[in-house]
Amino acid sequence: MIMFFLVGLLVHVIFFISIFDIYFTSPLVHGMAPQVSPLPPPASRLLLVVADGLRADSLYKPDANGSTRAPYLRSVMEETGSWGVSHTRVPTESRPGHVALIAGFYEDVSAVAKGWKENPVEFDSVFNESRHTWCWGSPDILPMFAKGASGDHVYTYTYPAEREDFASTDASRLDTWVFDEVKSFLQSARVNSSLMSSLQKDQNVFFLHLLGIDTNGHAHRPMSQEYLENIRLVDSGVKELVSMVEDLFDNDGRTAYVFTSDHGMTNWGSHGAGHPSETLTPLLVWGAGVHTAQRVTEPQKYSDGYLQEWQLEGLRRVDVNQADIAPLMSSLIGVPIPLNSVGVLPLQYLNNSDQFKAESMYSNAIQILEQFKVKMAQKKETTLSFLFTPYQLHKALVKYFRSLSWVLSMLLTVCAYVPTSTHSSLQLKQGLPLLNQMISWTTLGSSLFVPLLSSTRLFHRLLSIFLSLTATYLLLSTGSEALFPPVLSWLMFVWINIEQEAMLSQGISGRQELSTLDFSENIDITKIRQLKLDDIRRSYFFVSFSLVTLFDPASVYCFLTVFNPFIMGGLMMWKVIIPFIIVMCTFETIQLWKCHHILHHYLVLLSSSLHPSFLQHFFFLVQDYGSWLDIGTSISHYVIVMSMTIFLMLLSLMTHILTSRRVSLWRTRKMHFP
């Protein structure tokens, strides 16, 4: 008894742990070939500014006086650049937001193993593909990209973590620190020839992470004076920085600029969910290779009302998904798109030849295709090859189907015709035709007997069972639910085929093929491996599907039309049980390769695993006090759960007889084959 409880506990522990392996594994793959356009890029360098926690409306919407909070960035939108809304995804947090911007993919669910603090799997990024990247900002964000970079070409400059203080009276000093550090860096390049030489090379990236707006939003809310004034500070800082960069490179027109945010913020100062205030962030792109402001006179396709609210109806708006920014930045400076990126290049931002756009889109498509190929190769290594090849019926099954092209079709045609004929007769108020009633009852009575006359060879017997039960189900159907047993039977054959390939690959079934396996044979149990929990899960998945059957009284009109609650109820109950029998017969087949008594072990295992979480649960919830409804409900729950095990045992006995016993109506000469 203790062993049964331990096995039940083990099953629950396995189920508990399995979700992390099934649902929380990293979708990232490695081994793809880098993809880049062969044409020269329009920009030699890129300046990326991310204002952490900046909402789109906080930047775009004029204040109460009708003036903008960010005059420089507004002038970029109206004159020198393109703009739009970057749509983020949940969770709207800083780490996944920056990963989407710079690496081109969204949250890696396996980060749960790291407490959502870092990405557990190394990934490619625009920074990694660049020649050099210089970063300034928060110690929570920058090290993540330096850690995953190959080589020592990503340089980070961060302030102490203690400065990220929500209780600070003015968190904008974090942004001031970043701007001051970048200014000092650019000024030092004028007297440092080695640094200047590196800066003058192509494929360089400068990244500014500005955390002040987010910190002020958390501490004082997005509508506060501190939050709004921080936007003004960032605007003036970007203006001064752009001027210094242009002066340093002699206004060569080879610098591209991207200004955006990782996520927004709710009115009460939080983020992480999917409210529009959290998922709508600003995007401004200008400089080398980027379209200047595009004036429009026709109404734009956006119906969210923001264009009117922001007073930007006359400027073309180009929205993107956040991950699309990564391939955009890659195309501007001519580096390979990050290998794990799922972003799609937004062509509307590019001001270049059609050939360059076509080559860039082609590289983007191939880069995404490479991920698919690697993922497919990995799946093939860990999954049965059957799932990756067109399904082909076993040769023996094909031969059997051909020998039976006209008998089976006539049987199914008759059973499909009877409900239609009965329905027409009832509509004409002519009653239930006697012939239809006789066919229906005969089919029902023979559905469990006819399979016993067939061979006990696996596919022969299963096909007989499935066809007999399907014929009965057709007579009990009133509509499209008649397709359920054929589809379920086909899925059962697929399941059997999958299991056969698994057995053959493990050398369990030896030389035995499906066409020669017999339900009455003895299997060498020394070659049997432990019962797989996958069998239990799959069988219950298919069984649960049968519950979609509707209790419609019209289902029994082929058998009788005079009201008889017991007969009608029994027929409708049989309709529900038919899918259970199909699944249990398949399960009996699967266990033929494993052990004769494995089904008994399965039931014991099921009972022991159900006991702690179901039977005891309902037992202790049985009430002998309260309303009659409460008492009756508690008893009903307990009886239903207890009856389920008894039902499975009876059903297993029934399917064992159906699949393994054979009835002979007359004496035959001894044959070597059944």
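Worth knowing before you read on, the calculation uses all heavy atoms, side chains too, and leaves out hydrogens, waters and symmetry mates.
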Does a side-chain heavy-atom distance below 4.5 Å link [X] with [Y]?
X	Y	answer
Leu350	Leu332	yes
Gln35	Leu339	no
Asn351	Val290	no
Cys135	His209	no
Gln322	His263	no
Leu315	Val296	no
Arg317	Leu312	no
Val318	Arg316	yes

Just by distance, do the side chain of [X] and the backbone of [Y] share a donor-acceptor pair under 3.5 Å?
X	Y	answer
Thr176	Ser172	yes
Asp324	Leu345	no
Asn352	Gly289	no
Ser363	Glu359	yes
Asp175	Leu211	yes
Thr281	Gly264	no
Gln203	Arg131	no
Glu229	Tyr227	no
His218	Gly269	yes

Regarding [X] and [Y], do their side chains bring together a donor and an acceptor under 3.5 Å, going by distance alone?
X	Y	answer
Thr68	Arg74	no
Asp124	Asn340	no
Thr133	Ser130	yes
Asp63	Ser67	yes
Thr88	Thr92	no

Identify whether the distance between the nearest side-chain nitrogen and carboxylate oxygen of [X] and [Y] falls below 4.0 Å.
X	Y	result
Lys183	Glu240	yes
Asp214	Arg55	no
Asp180	Arg173	no
Asp252	Arg45	yes

In Å and rounded to the nearest 0.5 Å, what is the [atom1] to [atom2] distance from [X] to [Y]?
X	Y	atom1	atom2	answer
Phe207	Thr156	CZ	OG1	11.0 Å
Asn364	Ser37	CG	OG	11.0 Å
Asn267	Arg221	CG	CZ	10.0 Å
Trp286	Trp83	CH2	CH2	15.0 Å
Glu226	His220	CD	NE2	4.5 Å
Met265	Asp52	CE	CG	7.5 Å

> Under the side chain to side chain contact (heavy atoms under 4.5 Å, CB included) criterion, do Val258 and Leu284 qualify, and how do the steps go?
Replying inline: CA-CA 6 Å; Val258 176; Leu284 285 75; over 6 Å; no
>> Please enumerate all residues that pass ring pair (Phe, Tyr, Trp, His ring centres under 6.0 Å) together with His87, with sequence neighbours excluded.
In response: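 His87 satisfies ring pair (Phe, Tyr, Trp, His ring centres under 6.0 Å) with no residue once adjacent residues are dropped.
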Which atoms form the tightest heavy-atom contact between [X] and [Y], and what is the distance?
X	Y	answer
Pro41	Gly334	CB-N, 3.4 Å
His275	Ser277	ND1-OG, 2.8 Å
Leu54	Ile231	CD1-CD1, 3.6 Å
Ser341	Ala323	OG-O, 4.3 Å
Phe249	Leu199	CE2-O, 3.4 Å
Pro338	Ser330	CD-OG, 3.4 Å

Any chance [atom1] of [X] has more than 12 other-residue heavy atoms, nucleotides or ligands included, within less than 6.0 Å?
X	atom1	answer
Lys357	NZ	yes
Phe372	CZ	no
Arg89	CZ	no
Lys373	NZ	no

> So His271 and Thr266, side chain to side chain contact (heavy atoms under 4.5 Å, CB included) or not? Walk me through it.
Replying inline: CA-CA 6 Å; His271 56 80; Thr266 63; 5.9 Å; no
>> Is there a side chain to side chain contact (heavy atoms under 4.5 Å, CB included) between Thr158 and Ser138? Walk through the geometry before answering.
In response: CA-CA 6 Å; Thr158 63; Ser138 168; over 6 Å; no
> Thr260 and Val50: side chain to side chain contact (heavy atoms under 4.5 Å, CB included), yes or no, with the steps?
Replying inline: CA-CA 5 Å; Thr260 187; Val50 177; 4.3 Å; yes
> What about the rings of Phe185 and Trp136, do their centers lie closer together than 6.0 Å?
Replying inline: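 Yes, the ring of Phe185 comes within the 6.0 Å limit of the ring of Trp136, centre to centre.
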> Between His153 and His132, is the ring centre distance below 6.0 Å?
Replying inline: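 Judged by ring-centre distance (under 6.0 Å), His153 and His132 do not meet the cut-off.
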> Going by the angle between their ring planes, with limits at 30° and 60°, are Phe105 and Phe123 parallel, tilted or perpendicular?
Replying inline: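 Ring orientation of Phe105 relative to Phe123: perpendicular.
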>> If you apply the rule side chain to side chain donor-acceptor pair (under 3.5 Å), what do you find for Ser194 with Asn192, and how did you get there?
In response: CA-CA 6 Å; Ser194 176; Asn192 187 331; 4.6 Å; no
> Given Phe259, which of Val49, Leu208, Leu48, Leu47 fulfils the side-chain contact (heavy atoms from CB on, under 4.5 Å) condition?
Replying inline: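 Only one of Val49, Leu208, Leu48, Leu47 forms a side-chain contact (heavy atoms from CB on, under 4.5 Å) with Phe259, namely Val49.
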